[in-house]
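What you are looking at is a predicted structure, and each value in this text was computed from that prediction instead of being measured.
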There are 2 protein chains.
Amino acid sequence: MHQFKGKQYPCCTSLTMGVIGGKWKTVILFYLIGGKLRYNELRKKMGTVTERTLSLQLQQLQEDGVIQREVFYSKPPLKVEYSLTEFGKTLIPILEAIAQWGDYALENHSAEENTQ
Amino acid sequence: MHQFKGKQYPCCTSLTMGVIGGKWKTVILFYLIGGKLRYNELRKKMGTVTERTLSLQLQQLQEDGVIQREVFYSKPPLKVEYSLTEFGKTLIPILEAIAQWGDYALENHSAEENTQ
DNA sequence: CCGGATCCTATTTGATACTG
DNA sequence: CAGTATCAAATAGGATCCGG
């Protein structure tokens, strides 16, 4: 049994999944590989996500220390940018492997029926 | 929007997560890298998982074609073995990366407080 | 030994409206 | 622009018992 950021995990794989699991976290992280993004930029890229859900997932990613939030108070149109932390960048190989496997599965096994 | 095995995914990363996501799937898959395992062998290795949950996750992994189930009817003590399919074996690099990152996070960032 | 069936709880996600 | 609040729905996961 392992502990990370106050949560318990039965296995080192589930620890990682606790950080990147959930419906949207890998999607957010994958977009952030390309650099900083604002809240609304993320939202538009992600299409069907709701404000609340995006907000929650961003908070959790911050709590686990893989993304950071920068606020620019310059002028009334508030500006907030999200980006990977150095720690978060160590996830990039995994994220890319996950994206590649998704593509691979689509190309090679999408049409198969469950007939085995 | 992508489709795989009858389910919809907004991104190729979420497709992969749909297959390996959930609290126990990576744990199951990770143990199966080492070879075939019986239901009870898995259960013992996994400690806190309940019968129902293990059963469900195994079914879902089968439906997605990444593991296979072999039944040996030889004698009343039923014997069922689970193992990775060829398709499932393409997940091994991801699973090992996930396990390694979990270890890495434990060693390097476990003690940190959320004080950023 | 291997799970299916049933019931229940907890967590996650979504819809919608509203605010500094 | 970048969220938060509130409510409801969906999903995941657990406890327990039972049967082939």
Check: B/Gly88 main-chain N/O paired with B/Thr85 side-chain donor or acceptor under 3.5 Å: yes
Between P of D/dA2 and NZ of A/Lys79, the distance in whole Å: 9 Å
For a quick test of your reading: what N or O donor-acceptor pairs under 3.5 Å do the side chains of residues 22-35 of chain B make, sequence neighbours left out?
unit_1  : atom_1 : unit_2  : atom_2 : d
B/Lys25 : NZ     : B/Gln60 : OE1    : 3.0
B/Thr26 : OG1    : A/Thr13 : OG1    : 3.3

B/Lys89: partners by side-chain hydrogen bond (donor to acceptor under 3.5 Å, both in side chains), with sequence neighbours left out: B/Glu86
Value in whole Å for how far the P atom of D/dA2 lies from CG of A/Leu78: 7 Å
Interface with DNA chain D, restricted to residues 41-51 of chain B and to heavy atoms under 4.0 Å: B/Thr50, B/Glu51
Distance in angstrom units between A/Leu54 CG and D/dC1 P, rounded: 14 Å
Sugar-phosphate only, base, or nothing, as touched by A/Gln57 at under 4.0 Å among non-hydrogen atoms: sugar-phosphate
Within residues 9-36 of chain B, residues whose heavy atoms come under 4.0 Å of DNA chain D: B/Gly22, B/Lys23, B/Trp24
Under-3.5 Å N/O pairs linking protein and nucleotides 8-10 of chain D:
none

Phosphate contact (D/dA2 OP1 or OP2) by A/Tyr73 side-chain N/O below 4.0 Å: no
Sugar-phosphate only, base, or nothing, as touched by B/Phe72 at under 4.0 Å among non-hydrogen atoms: nothing
Sugar-phosphate, base or nothing in reach of A/Gln59, heavy atoms under 4.0 Å: sugar-phosphate
A/Tyr9-A/His2 aromatic ring centre distance below 6.0 Å: no
Short side-chain N/O contact to D/dT4 OP1/OP2 from A/Ser55, under 4.0 Å: yes
Nucleotide range of DNA chain C lying under 4.0 Å from chain A heavy atoms: C/dT13 to C/dA17
Nearest atoms (heavy-atom pairs only) where A/Asp103 meets B/Cys12: OD1-CB, 3.5 Å
